[in-house]
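The shown structure was predicted, so the numbers you read here are calculated from the model rather than taken from an experiment.
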Amino acid sequence: MSGRIAFQGEPGAYSHQACHDSRPGMEAIPCRTFEDTIEMVRSGQADLAMLPVENSTYGRVADIHHLLPESGLKIIDEAFVRVHINLLAVKGATMEDVKTAMSHTVLLGQVRNFLQKHALHREVGADTAGSAKIVAEMGDKSVAALASELAGEIYGLDCLARHIEDKQDNTTRFLIMSPEADLTRRAEKMMTTFVFRVRNIPAALYKAMGGFATNGVNMTKLESYMVNGSFTATQFYADIEGHPDDANVKLALDELSYFTSYMEILGVYPAAALRDER
């Protein structure tokens, strides 16, 4: 597929890796913020957006659940990226030269064993790929970056140590967003994502969820968050296995509608192969 796909971060970020892996034929466009990434697609400057929603170690990505319903975009696919962390240094540097490792604070926390083993000082950078860019610009053999191998390729750094993360199964899930929904059944296993607000009646959430249980629909995610900073207005984000045209899914969504004041389907898309490995 040709065209352009927008992501948040510097070239070489793990979001860029997700674009590179899942849409290799598209030009990846870096953006400063998630809002900028969404606007690139809404304005027609990009065809798709790659947005991270959750990480297997650190949970959901802040702000994304608030942005998705208001974005005007629809989920058409999902992608999983193994977060492999690498120690990247300037050309000619060796492990003996490196005294400091720079990266995003979250990534620094994922390589504690390696940093302790090699007695490396931790230095917090704005982000992973940005740290690789800084290391390349500094040209100092004593400072290395913790980032993806793609970042090393982009900024001309040597990889001194590969896959040094403490947890080898650390994975980030991304959603691929488009201006137009695709409701076709294009895989055997489909996912449906939606948001909803329950009516202000006793046990509304319990009753709303009952339809999924009685109709055998597997709900893989249910998360809540406040709406407009209100403690009384709660919105729920849900992922379920199945397509809205499936008889059991249709029955469950119909039952949900009785107990909700608002419901919107954010996307219908194929389940990624890596989902079964999580």
What is the minimum heavy-atom distance between [X] and [Y], and which atoms define it?
X      : Y      : value
Val249 : Pro244 : CG1-CA, 3.8 Å
Tyr237 : Tyr225 : CB-CE2, 4.2 Å
Val90  : Gly139 : CG1-CA, 3.7 Å
Ala271 : Glu78  : CA-OE2, 3.4 Å

Any ion pair linking [Y] and [X] (charged N to carboxylate O, less than 4.0 Å)?
X      : Y      : result
Arg173 : Asp239 : yes
Asp246 : Lys250 : no
Lys74  : Glu180 : no
Lys99  : Glu123 : no

Item to complete: Using the side chain to side chain contact (heavy atoms under 4.5 Å, CB included) rule, pick out the option among Thr128, Ile164, Leu88 that qualifies with Leu146.
Response: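 Among Thr128, Ile164, Leu88, the one that satisfies the side chain to side chain contact (heavy atoms under 4.5 Å, CB included) with Leu146 is Ile164.
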Ignoring hydrogens and geometry beyond distance, is a side-chain donor-acceptor pair present between [X] and [Y] at under 3.5 Å?
X      : Y      : result
Asp97  : Thr94  : yes
His84  : Glu149 : no
Gln168 : His163 : no

Worksheet item: Atom CD1 in Ile176, atom CG in Asp47: separation rounded to 0.5 Å?
Response: 12.5 Å
Item to complete: Using the rule that two of Ile, Leu, Val, Met, Phe, Trp, Tyr join whenever any of their side-chain heavy atoms come within less than 4.5 Å, decide whether Ile154 and Met138 are in one cluster.
Response: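 Result: yes, single cluster for both.
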Worksheet item: In the single-linkage hydrophobic clustering (I, L, V, M, F, W, Y; side-chain heavy atoms under 4.5 Å), do Leu205 and Ile240 co-cluster?
Response: yes
Fill in: Close side-chain approach of Thr260 to Phe236, heavy-atom, < 4.5 Å
no
Worksheet item: Under 3.5 Å, side chain of His118 to main-chain N/O of Leu120, donor-acceptor pair present?
Response: no
Worksheet entry | Arg199 side-chain N/O to Tyr258 backbone N/O, donor-acceptor pair under 3.5 Å |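 The answer is yes, because a donor-acceptor pair under 3.5 Å joins these two groups.
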For residues 29-45, dump all side-chain donor-acceptor pairs below 3.5 Å to protein atoms at least two apart in sequence or in another chain.
from, atom 1, to, atom 2, distance (Å)
Thr33, OG1, Glu35, N, 3.4
Thr33, OG1, Asp36, N, 3.0
Thr33, OG1, Asp36, OD1, 3.4
Thr33, OG1, Asp36, OD2, 3.3
Thr37, OG1, Thr33, O, 2.9
Glu39, OE1, Arg42, NE, 3.3
Glu39, OE1, Arg42, NH2, 3.2
Arg42, NH1, Glu70, O, 3.4
Arg42, NH1, Ser71, O, 3.0
Ser43, OG, Glu39, O, 2.9
Ser43, OG, Met40, O, 3.3
Ser43, OG, Gln45, NE2, 2.9

Worksheet entry | Full working for side-chain contact (heavy atoms from CB on, under 4.5 Å) between Glu54 and Lys221 | CA-CA 11 Å; Glu54 58 191 329; Lys221 179 169 292 297; 2.7 Å; yes
Fill in: Arg82: which of Asp21, Asn170, Thr171 passes side chain to side chain donor-acceptor pair (under 3.5 Å)
Thr171
